[in-house]
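Below, all heavy atoms of this structure are taken into account, side chains as well, without hydrogens, waters or symmetry copies.
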Amino acid sequence: MQGFGVAILTQVIWAQLLLLGWARASELTFELPDNAKQCFYEDIIVGTKCTLEFQVVTGGHYDVDCRLDDPDGNVLYKEMKKQYDSFTFTASKNGSYKFCFSNEFSTFTHKTVYFDFQVGEDPPLFPNENRVSALTQMESACVSIHEALKSVIDYQTRFRLREAQGRSRAEDLNTRVAFWSIGEAIILLVVSIGQVVLLRSFFSDKKTTTTRVGS
């Protein structure tokens, strides 16, 4: 992998078995240095539905280039200088799919990027939930609670990202205000000293020379 960044947080969640393979979701927050590119690979079975979602958390203008290729190198998704986006596709062939994040357009600003790559769909909690039985209502309630909990997890992730982004912007603004205040203090000090020196020159006694004229 070219220009490999330093990963600061990795969380990989393995879910339940699907008919076509394993349903899995990979979440990662990593540092992407300036002039760098980082790629990730995922083996996917044909017919599997996948979703790639990413967001730039900190750095510069909060933008990054993203590209997704199939096993033959065909471009499935490509966006330039995006702050956040989501892309859903169905694998058309077996193999290793590659998605890359690039910060090569930036010369001095590193970025912090978060992505969530969903492979497959969660199987139903109760495969035979349509059957008529005494537990049907309870099973339906469990399914509703399960879906609600998944929505809560998604909202928590989004709010954590927004909080991290807002904190980064606030710290950056605080740094700028601090430097501006220091600059104003220095300018005020220089102007004050200049005014004092100028006023003293107005009221200082000037030496006069007298010449006697003889008769």
Quiz item: Quick check: does any side chain N or O of Asp70 sit under 3.5 Å from a backbone N or O of Asp72, one acting as donor and the other as acceptor?
Solution: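 Yes: the side chain of Asp70 pairs with the backbone of Asp72.
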Do you know which two heavy atoms are closest between [X] and [Y], and how far apart they sit?
| X | Y | answer |
| --- | --- | --- |
| Gly59 | Lys111 | O-CD, 3.2 Å |
| Val46 | Lys93 | CG2-N, 3.7 Å |
| Ser102 | Leu32 | C-CD2, 3.9 Å |
| Thr51 | Ser86 | CG2-OG, 3.8 Å |
| Glu27 | Asp116 | CG-OD1, 3.5 Å |
| Gln83 | His61 | NE2-O, 3.4 Å |

Self-check item: Contacts of Ser92 that satisfy side-chain hydrogen bond (donor to acceptor under 3.5 Å, both in side chains) - sequence neighbours left out
Solution: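 Checked Ser92 against side-chain hydrogen bond (donor to acceptor under 3.5 Å, both in side chains); zero matches.
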Quiz item: Considering residues at least two apart in sequence or located in another chain, which fulfil the salt bridge (charged side-chain N to carboxylate O under 4.0 Å, His left out) criterion with Lys82?
Solution: none
Check whether any side-chain heavy atom of [X] lies under 4.5 Å from a side-chain heavy atom of [Y], and answer yes or no.
| X | Y | value |
| --- | --- | --- |
| Asp63 | Val56 | no |
| Cys66 | Leu52 | yes |
| Asn103 | Pro33 | no |
| Cys50 | Ile44 | yes |
| Phe87 | Phe54 | no |
| Val197 | Ser201 | no |
| Asp34 | Thr107 | no |

Exercise. Can you establish whether the number of heavy atoms outside Tyr114 located under 6.0 Å from its atom OH is more than 12?
Key: yes
Quiz item: Around atom NZ of Lys78, are there more than 12 heavy atoms of other residues, nucleotides or ligands at under 6.0 Å?
Solution: no
What is the distance from atom [atom1] of [X] to atom [atom2] of [Y], rounded to the nearest 0.5 Å?
| X | Y | atom1 | atom2 | value |
| --- | --- | --- | --- | --- |
| Thr48 | Asp43 | OG1 | CG | 11.0 Å |
| Ile187 | Ile182 | CD1 | CD1 | 12.0 Å |
| Gln38 | Phe101 | CD | CZ | 9.0 Å |

Quiz item: Residues two or more places apart in sequence or in another chain: which of them pass side chain to side chain contact (heavy atoms under 4.5 Å, CB included) with Cys100?
Solution: Lys37, Cys39, Lys98
Quiz item: Out of curiosity, does Tyr84 fall in the hydrophobic cluster containing Val57 (side-chain heavy atoms, cut-off under 4.5 Å, transitive links)?
Solution: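 Per the 4.5 Å side-chain linkage, Val57 and Tyr84 are not co-clustered.
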Quiz prompt | Co-membership, hydrophobic cluster, residues Met80 and Tyr77, 4.5 Å side-chain | solution =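 Result: no, two separate clusters.
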Practice problem: Inspect the contact between Asp65 and Arg67 and indicate whether a charged nitrogen and a carboxylate oxygen are less than 4.0 angstrom apart. | Solution: no
Exercise. Decide yes or no on ring pair (Phe, Tyr, Trp, His ring centres under 6.0 Å) for Phe40 and Phe117, but give the supporting numbers first.
Key: CA-CA 10 Å; Phe40 302 87; Phe117 193 70; 9.7 Å; no
